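What follows is a short report on a single structure.
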Amino acid sequence: MNRLAIVGWMAGLLVAVWAGLAETAPPVNSVRDFMRKKLVHSQKVLEGVTTDDLEMVAKHSQELSLLSQAATWQVLQTPEYLQHSTEFRRAADSLTEAARKRNADGVALAFVDVTMKCVTCHKYVRGVRTAAK
Ligand code: HEC
């Protein structure tokens with residue numbers, strides 16, 4: 001797959017993810033506001049990827065990584081949630097590194113990876129919530 005195809009595919013995936021997210025309603029507003037920052041930063045990352053502004057990519061992927069270390073991020077206290085968080089952080093850090101090295105292909109792939117991690121963790125969280133009902 002060439003880079004343009006990856007970016008196109010990824011943009012489509014993100015739009016789908018964002019549309020899905022708009023429909024979920026978390027209980028606590030502060031958590032919700034915090035979680036929404038991920039959306040803002042990932043939109044900025046996509047903007048950076050598509051305009052070849054790798055400094056913008058690095059800045060916002062680093063923000064994503066930092067968010068994942070905040071106390072508000074720790075919504076669930078399970079080993080699986082911790083694992084998802086660690087993998088997300090690792091993916092965001094790879095993205096930052098690829099952007100700093102100006103490795104455009106690496107950036108495109110790492111961004112797909114980060115986005116998949118958003119989806120995977122949300123799926124996990126939804127599964128836990130459903131099971132608890
Ligand atoms: C390690 C787990 C995890 C990862 C990774 C993750 N999230 Fe979340 N996200 C959550 C949890 C937990 C919530 C809160 C859900 C709830 O309380 O119902 C949430 C909520 C959200 C919300 C709020 C939805 C609303 O109704 O306002 C958005 C937006 C969001 N995440 C975007 C993202 C994006 C974009 C990414 C990837 C860049 C991402 N998340 C990665 C766990 C994660």
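As the structure lists them, so they are numbered: ligands from 1, and atoms in each ligand from 1. Quick caveat: nothing in here was measured; it's all calculated off a predicted structure.
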Within 2.8 Å of atom 8 (Fe) of ligand 1, is there any N, O or S atom belonging to Cys121? no
Inspect the contact between Lys117 and Asp113 and indicate whether a charged nitrogen and a carboxylate oxygen are less than 4.0 angstrom apart. yes
Short N or O distance, Arg32 and ligand 1, threshold 3.5 Å exclusive: yes
Which atoms of ligand 1 sit under 4.0 Å from any heavy atom of Lys117? 5 (C)
Contacting atoms of ligand 1, where contact means under 4.0 angstrom from a heavy atom of Ser42: 35 (C)
Considering only heavy atoms, which of Met35, Arg36, Arg129, Met116 lies nearest to atom 13 (C) of ligand 1? Met35
Test your reading of the model: is there a side-chain donor-acceptor pair from Ser65 to the backbone of Ser61, 3.5 Å cut-off? no
Can you confirm whether His84 sits close enough to Val125 that some side-chain heavy atom of one is under 4.5 Å from a side-chain heavy atom of the other? no
Please confirm whether Trp73 approaches ligand 1 to less than 4.0 Å, judged on its heavy atoms. yes
Would Lys38 count as a contact for atom 8 (Fe) of ligand 1, in the sense that one of its N, O or S atoms lies under 2.8 Å from it? yes
Below 4.5 Å, heavy atoms only, C-beta onward: do Leu64 and Ser68 meet side chain to side chain? no
Show which atoms of ligand 1 fall inside a sub-4.0 Å distance from at least one heavy-atom site of Phe88. 5 (C), 37 (C), 38 (C)
Taking C-beta and beyond as the side chain, do Trp73 and Ser85 meet within less than 4.5 Å on heavy atoms? yes
Any N or O of His122 that comes nearer than 3.5 Å to an N or O of ligand 1? yes
Side-chain touch Val114/Val112, heavy atoms, less than 4.5 angstrom: no
Using a 4.0 Å cutoff against the non-hydrogen atoms of Ser85, which atoms of ligand 1 qualify? 1 (C)
Taking the side chain as C-beta and beyond, is there a heavy-atom pair between Thr78 and Tyr124 under 4.5 Å? yes
Is it true that Glu87 and Gln83 share a donor-acceptor pair across their side chains at a distance under 3.5 Å? yes
Could you tell me, atom by atom, which parts of ligand 1 come under 4.0 Å of a heavy atom of His84? 1 (C)
